[in-house]
Student: 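Please see the structure below; I have some questions.
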Amino acid sequence: MRQLTFLRMMRMARENIGGVCATIGGILIHLTLGNLYSFGNMMTYMVSFMHERVDPSITYANFLWVNSITTTSQGFFMVLGGLLEKRIGPRLTCLIGCSLLSTGIMLTSLTVEVSLFAVILTYGLLAGLGISLSYTTPLSCGMQWFPRHKGLINGLIVAGFGLGALGSTTLQTMYLNPDNISPQDNGYFTDPGILDYVPSVFILLGVIFLVMQVIGCLLLNKPPDNRTTHHGQEVEGLLSEEAVGDTQELSTSMSTSSGHASSTPAATVTMKNLKPLEVIKEKTFYVLWLIYFFNTIPIGYINAMGKSFGQTFIKDDHFLAVMVSLAAIFNASGRVVWGRLMDLTSFRVAMRLLTSVLAFLFATMPLTAYMGKTAFTLWLWAIFFTFSGTFVLMPTATEKAFGAEHYSANYGLLFTTQAVSGPLIAVGNQVLLTAFGFTGCFLVVAVVICLSVGMTFLIPRRI
């Protein structure tokens, strides 16, 4: 018996190595995808460069279209990533997506000297396409390796996405503005020592990302088919294995005593796997879609305009860059915490708490302009910690609601919210910022989040 237990432990250890490698690979990939969250920092240098040297009509208001096109292309092409994964596998799918992302970033070294439209194509459209193809596959792999801890594993992987801005923002600032030169009163940098280096920073970022992505893709893998279908619970640990064994013994004794023999354990549960065309017929899909849509508006807004808002009353570029960088830690840790909370409670409970707190933070964010650096920092970090849960709760809820077999494509359908919210944020910000300033923008976003709070009451209890 002891020898049998030892052999089981050895087999489980070997199988878990693949799961650990897949998780690490997913984290590495998402660290590079998380460059998206450094947009608010990079935008201050890109806008300044293009405003001063390319086209003076380029401003913070219209440059937001770059980030909006990134999220819009994610929404349009995320389903394609899921379908591609089914045909060519997770490694090649992610490698294609990652290559597009890094290529788009490196090409921006050329387009930033041409026009805003050219930057939208490379740093916006091409980068967004790359993210969309390589976003969901690592999550799908991780959940299949660890089916009993989906929220936690998703949280760890997408924590890489949240943490990515820490390295990106720090590198951008130290490379472009090592002497902590403040922008002019109009918000634009004019120092040649900063502007001269803007094009080359994209080459530096692109090369670093590509190296990380190749390593991550090589580590990425899915469990063997027989393990996924028959032994998914076994690799979660000896306690899980013993619990299943006890259940099987109980099932056997009960069936024997009743005069019926059964070869299938009573604990076996069949998961219903819905295809994308079946998912769009489900009411739950539209409820989840609306929650995601309402949540992506504040996320996109604070990511793009957080630093710009801070610059209106904090004249210290290094301080703002460091605070935005450290926000990435809260973005990452929040994903693990919210994922674990969902495992312990439910999607309904976790999402309702998340959206309620987020609405309060956005409604009160304008007050930090009167409270100073410390208050701004605390609110910014709290917002990043809170909204980060969206990106672990939504994919986990998608898998729980519609099954694992077509998860990547189904989550891609849900991600089409980005195709709507991206342009809406750009247009809304351009209008509201001119008419009502940052206060009006934050209050409108807070109202939008309240709509998300209401939608959580329509979620089925089983999710």
Side-chain angles (χ1 to χ4, degrees), residues 25-39 41-43 45-46 49-50 54 63 65-85 87-138 160-161 164-165 167-169 171-172 175-176 197-220 303-304 408 412 415 418-419 422:
I27 292 172
L28 281 174
I29 291 170
H30 272 249
L31 278 170
T32 65
L33 306 186
N35 180 65
L36 177 68
Y37 282 120
S38 71
F39 178 81
N41 183 67
M42 192 64 217
M43 180 174 72
Y45 304 113
M46 295 173 73
F49 178 87
M50 300 189 75
V54 180
F63 201 83
W65 278 103
V66 177
N67 189 62
S68 296
I69 294 301
T70 302
T71 56
T72 299
S73 60
Q74 283 181 259
F76 275 124
F77 299 113
M78 189 73 80
V79 177
L80 177 61
L83 297 175
L84 197 61
E85 179 202 331
R87 287 184 173 273
I88 63 177
R91 284 179 180 168
L92 190 53
T93 299
C94 280
L95 188 58
I96 292 173
C98 290
S99 299
L100 289 173
L101 170 62
S102 296
T103 299
I105 292 173
M106 288 187 280
L107 285 176
T108 306
S109 65
L110 303 175
T111 60
V112 74
E113 301 189 68
V114 178
S115 68
L116 176 58
F117 179 74
V119 172
I120 288 175
L121 291 180
T122 57
Y123 207 73
L125 181 62
L126 195 58
L129 175 59
I131 294 173
S132 68
L133 294 182
S134 47
Y135 186 95
T136 59
T137 294
F161 199 105
S168 296
T169 301
L171 179 60
Q172 293 161 6
Y175 183 80
L176 295 173
Y197 286 93
V198 169
S200 60
V201 73
F202 298 105
I203 298 294
L204 178 63
L205 289 170
V207 171
I208 293 173
F209 290 163
L210 193 58
V211 172
M212 295 172 61
Q213 289 163 349
V214 170
I215 296 173
C217 290
L218 291 175
L219 291 174
L220 205 61
N303 178 45
S408 295
F415 215 82
Q418 305 276 359

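Numbering starts at 1 and runs along the sequence shown. Quantities reported herein were computed from a predicted structural model and do not represent experimental measurements.
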Student: Would you compute the distance between atom CG of L33 and atom CE of M212 and round it to the nearest 0.5 angstrom?
Tutor: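 Result: 9.5 Å between the selected atoms.
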Student: I'd like to check the side-chain hydrogen bond (donor to acceptor under 3.5 Å, both in side chains) partners of N67; sequence neighbours left out, ordered by chain and number.
Tutor: none
Student: Please enumerate all residues that pass side-chain hydrogen bond (donor to acceptor under 3.5 Å, both in side chains) together with T93, with sequence neighbours excluded.
Tutor: none
Student: According to side chain to side chain contact (heavy atoms under 4.5 Å, CB included), who are the partners of L219, at least two apart in sequence or on a separate chain?
Tutor: C21, I24, L28, I215
Student: Test: side chain to side chain donor-acceptor pair (under 3.5 Å). Region: residues 68-80. Which pairs qualify, not counting sequence neighbours?
Tutor: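 Listed once each, the pairs would be none.
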Student: Provide the full list of side chain to side chain donor-acceptor pair (under 3.5 Å) pairs with a residue in residues 207-216, sequence neighbours left out, each pair given once.
Tutor: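 Sorted result for residues 207-216: T32-Q213, S102-Q213.
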Student: Please list, chain by chain and in numerical order, all residues satisfying side-chain hydrogen bond (donor to acceptor under 3.5 Å, both in side chains) with Q418, sequence neighbours excluded.
Tutor: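 With sequence neighbours excluded, Q418 shows a side-chain hydrogen bond (donor to acceptor under 3.5 Å, both in side chains) to no residue whatsoever.
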Student: Taking C-beta and beyond as the side chain, do V54 and V114 meet within less than 4.5 Å on heavy atoms?
Tutor: no
Student: Are any of the side-chain heavy atoms of S109 and S200 separated by less than 4.5 Å?
Tutor: no
Student: Please table the atom pairs, donor to acceptor, closer than 3.5 Å between any side-chain atom in residues 119-128 and protein atoms at least two apart or in another chain.
Tutor:
unit_1: T122; atom_1: OG1; unit_2: T108; atom_2: OG1; d: 3.1
unit_1: T122; atom_1: OG1; unit_2: T111; atom_2: OG1; d: 2.9
unit_1: T122; atom_1: OG1; unit_2: A118; atom_2: O; d: 3.4
unit_1: T122; atom_1: OG1; unit_2: V119; atom_2: O; d: 3.4
unit_1: Y123; atom_1: OH; unit_2: N35; atom_2: ND2; d: 3.3

Student: Not counting sequence neighbours, which residues clear ring-ring contact (aromatic ring centres under 6.0 Å, His included) with Y197? List them please.
Tutor: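 If we apply the ring-ring contact (aromatic ring centres under 6.0 Å, His included) test to Y197, skipping adjacent residues, the hits are Y175.
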Student: Dump the intermediate steps for side-chain contact (heavy atoms from CB on, under 4.5 Å) on C98 and F209, then the final yes or no.
Tutor: CA-CA 8 Å; C98 290; F209 290 163; over 6 Å; no
Student: With the side chain counted from C-beta on, respond yes when L205 and M106 share a heavy-atom pair under 4.5 Å apart, and no when they do not.
Tutor: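 Not in contact.
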Student: Would you please name every residue forming a side-chain hydrogen bond (donor to acceptor under 3.5 Å, both in side chains) with Y135, sequence neighbours left out?
Tutor: none
Student: How long is the gap from CE on M43 to CE on M50, to the nearest 0.5 Å?
Tutor: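 Spacing of CE (M43) from CE (M50) equals 13.0 Å.
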Student: Show your working on side-chain contact (heavy atoms from CB on, under 4.5 Å) between M42 and L176 and close with a plain yes or no.
Tutor: CA-CA 10 Å; M42 192 64 217; L176 295 173; 3.9 Å; yes
